[in-house]
Protein chains: 2
Amino acid sequence: MAAKTTGGRGRASRGKPTSSDVAAAAGVSRSAVSFAFNRPDYISEATRDRILAVAQEIGYVPNTLARMLKAGQTNALGVLLPQSLAKIMENPYYARFLMGVGQVCDHEGLTMVLTPPLRDSMLKAIPYAAVDGFIVCGLETDRGEVAELARHRIPFVLVDSDPQEDVPSVDVDDHGGALAVMRHLLGLGHRRLAVLSIDPGPDKAVRGYRGPLARRMAGIVEALAEVGLTLDDVALAEVPVTRTDGYRATKTLIRQASPTAIVALSDVLAFGAVDALHDLGIAVPGQVSVTGFDDLVEAAWLRPRLTTVRQAIATKGRTAADFLISAIREEDQHPHQLLGTSLMIRESSGPVPAG
Amino acid sequence: MAAKTTGGRGRASRGKPTSSDVAAAAGVSRSAVSFAFNRPDYISEATRDRILAVAQEIGYVPNTLARMLKAGQTNALGVLLPQSLAKIMENPYYARFLMGVGQVCDHEGLTMVLTPPLRDSMLKAIPYAAVDGFIVCGLETDRGEVAELARHRIPFVLVDSDPQEDVPSVDVDDHGGALAVMRHLLGLGHRRLAVLSIDPGPDKAVRGYRGPLARRMAGIVEALAEVGLTLDDVALAEVPVTRTDGYRATKTLIRQASPTAIVALSDVLAFGAVDALHDLGIAVPGQVSVTGFDDLVEAAWLRPRLTTVRQAIATKGRTAADFLISAIREEDQHPHQLLGTSLMIRESSGPVPAG
DNA sequence: CTGAAAGCGCTTACAG
DNA sequence: CTGAAAGCGCTTACAG
């Protein structure tokens, strides 16, 4: 601990100067100091200048925390993430999503607070960050957090989740996207398919798929049914969304199922798949087609260019931030936005190879 | 504004419940409530359980702001960024850097607050976010902010900057990196070079290059001198660090200077350059070599794989976070870390074409 | 094991 | 235009 000079309440005291220090040094009351910063019109310009000069000199700036406490707002938007900060920043999907959120924050003069999953050690006393509300992200969410947030009357919006009646939410037409990409592949004649899917987390066994993953799987099942197939007819791998995991899983899928097409449920996984196929000497799309989901900026850079399902990720972030701001202002609506998806047919998918 | 029931200090009051509400409902004092959350050993288990149950029931959770104010710390690390949040999240370099910072935050149980450049409208009353300290990032920094932070005794560390004696800092051997990549290209016989550089910002005219850019330029000049050239002998474009800007600038450079090698001072710019050359039908490295700087993860995905200067970006973030934590704890050291760079020779650079 | 009191640093009616 | 006072919601010695 730092040594603290006790009795020093004057400017001689160690630590950050407070409004009292400024008041003493400028020979005015603390309110005058406050007015100098917040209500220029309440005091004479001369006094204000003097106070500000003194403040500048002794290095005073109003304590943000105290200000926030008084005001009852923080001017910060929280983003409650489904994974560790390190993992999130590694995932281009989130970079893009946070870009959207960031645009709104920039525009509204808000800061952005990134919060990793709540430590569920003590679900009672969640140490919420100092924010005005949360954007709750991600496939793996809505365990206890959502109920907790609602109970504590903290404004929030759900993203990539299972929409709830009375909570604002932003989602994407995952079902339609998955359906479209599957029909594309099936239309090209592919029947030996592998689905490179996203790890649904530990409680899938208990509760089945949820959120976007559930919708995407439903789209896949629907498309399969159209040609008389079921999920049992495709190879399935479920892995964390990293390029490395996509790479490894692809090698396994190829070995075990020798599919003619790999349907990745995320572009990042598709990147890994293309890499793996390249390293295996398998031509894309000559021998194996690969499709993604998301249409990250990087998807168009890849060679071959990736066929994928586009979703407007930045728009999703922007919309979520807008909805949150409305919720914070207690404009008591509960808007639900469903953004469209569209199939981007590029170079990584082609007709099933002859034979 | 929300309607506020005035005199209601009981649990009937609107808005979030406070410790008084819990105390009243549980028939104990406010301190007891506080103890239930913070000092389990100060009260009986039975009482604690009762208080916690009541808290849970009425949806009470201690106000974070008040807590922080009392404690004098926020458990949040601020990252002061050189650009708007939207731009930052668009740049893979920052994604990687923030990943490093995130790793430390994850480990230490800290949250991460992203702060765009301070609005210099009112340099006196900068509305600092509620954080324990700042990691100050970026080429364009150290205008007024650094002096302000120091004046206000806010702990901070400088990253990618011009190190100062008494401020912790983390930098990279930009000079060595630039020197190495230039020697590589010159060694391959290239003499008609174009440098695709980073926009130094508005006050370059006044103060010249600073920070990493200054060091990289110095490395370039040194390498040029070794073969009897000067900066006047190379084409130079200075643009914002986006793939699009790299793309456009490359087209211009090719038209105006027809270089045999393009030295990009950032991988993101190099990505754009490779794209532009591809679209122009110019072979890389057959006709034009391209090099980058950073060695982003994506650099190895590119085809041809990008020759570039590797810097340990995530480590930089991690080190910066560690230094900041030390500074916050007032372990009064001012460590300076200089991380190495290394030249990654891959496929995008080759010998100067004959003729 | 509990309760009244002070205080973290600020802002804001309110009376002068 | 200024100053004393209350209060934002919490925590923490302190005396019981």
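So that the names make sense, note that chain A is the first sequence line, chain B the second, and so on, each numbered from 1.
- B/D49 contributes no side-chain N or O that, together with a main-chain N or O of B/A46, makes up a donor-acceptor pair within less than 3.5 Å.
- If you check distances only, the side chain of B/S29 never reaches the base of C/dA4 with a donor-acceptor pair under 3.5 Å.
- A distance of about 16 Å separates the C1' atoms of D/dT12 and D/dG16, rounded to the whole Å.
- B/Y60 has a side-chain polar atom (N or O) that falls below the 4.0 Å cut-off from OP1 or OP2 of D/dC10.
- Note on A/S19: only backbone sugar-phosphate atoms sit closer than 4.0 angstrom, heavy atoms only; bases stay farther off.
- Checking the phosphate oxygens (OP1, OP2) of C/dG9, no side-chain nitrogen or oxygen of A/S20 falls inside 4.0 Å.
- Mapped onto DNA chain C by nearest heavy atom, B/A32 and B/A66 fall at different nucleotides, with B/A32 at the one closer to the 5' end.
- Across all strands shown, A/S44 has heavy atoms under 4.0 Å from sugar-phosphate atoms exclusively, and none from any base.
- Between the CZ atom of A/R48 and the C1' atom of D/dC1 there is a distance of 15 Å, given to the nearest Å.
- Put simply, CG on B/N63 is 18 Å from P on D/dG7, counting in whole angstrom units.
- Comparing B/K70 and B/V28 by the nucleotide of DNA chain C whose heavy atom lies nearest to each, the residue mapping closer to the 5' end is B/V28.
- Here the separation of D/dC10 from D/dC14, taken at their P atoms, is 23 Å to the nearest Å.
- Between A/R39 and C/dT11, a side-chain N or O to OP1/OP2 separation shorter than 4.0 Å is absent.
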Next item on the list: Would you sort out whether B/D106 and A/K87 count as a salt bridge (Lys or Arg N to Asp or Glu O under 4.0 Å), showing the intermediate values?
Entry: CA-CA 10 Å; B/D106 287 332; A/K87 288 223 179 88; over 6 Å; no
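- Rounding to whole angstrom units, CZ of residue B/R30 and P of C/dC1 are separated by 22 Å.
- Applying side-chain contact (heavy atoms from CB on, under 4.5 Å) to B/F97 and the options B/L81, B/I135, B/D160, B/N91 leaves one that passes, B/I135.
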Checklist line | Bracket string, DNA chain C, 5' to 3' - pairs by Watson-Crick or G-U geometry under 3.5 Å, | interstrand | finding: |||.||||||||.|||
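- Put simply, CG on A/N38 is 17 Å from P on C/dG9, counting in whole angstrom units.
- Other residues, nucleotides and ligands contribute at most 12 non-hydrogen atoms within 6.0 Å of the CD atom of B/E165.
- A cation-pi arrangement is absent between B/R39 and B/F35 under the rule of less than 6.0 angstrom and at most 45 degrees off the ring axis.
- Rounding to the nearest 0.5 Å gives a distance of 14.0 Å between CD of A/Q333 and CG of A/D166.
- Of the candidates D/dG3, D/dT11, C/dT11, D/dT11 carries the atom nearest the B/P62 side chain, counting heavy atoms from C-beta on.
- Atoms CG (A/L65) and P (C/dC10) sit 11 Å apart, rounded to a whole Å.
- Remark: P of D/dC10 and CZ of B/F35 are 15 Å apart, rounded to the nearest angstrom.
- Across the protein-nucleic acid pair, B/L69 atom CG and D/dG7 atom C1' stand 13 Å apart, rounded to whole Å.
- The distance between atom OH of B/Y42 and atom P of D/dC14, rounded to the nearest whole Å, is 11 Å.
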Item checked: Trace of the salt bridge (Lys or Arg N to Asp or Glu O under 4.0 Å) decision for B/E108 with B/R318 -> CA-CA 12 Å; B/E108 303 284 330; B/R318 241 180 284 125; over 6 Å; no
Next item on the list: Go through the steps to decide whether A/F134 and A/V157 satisfy the test side-chain contact (heavy atoms from CB on, under 4.5 Å), and finish with yes or no.
Entry: CA-CA 7 Å; A/F134 281 104; A/V157 358; over 6 Å; no
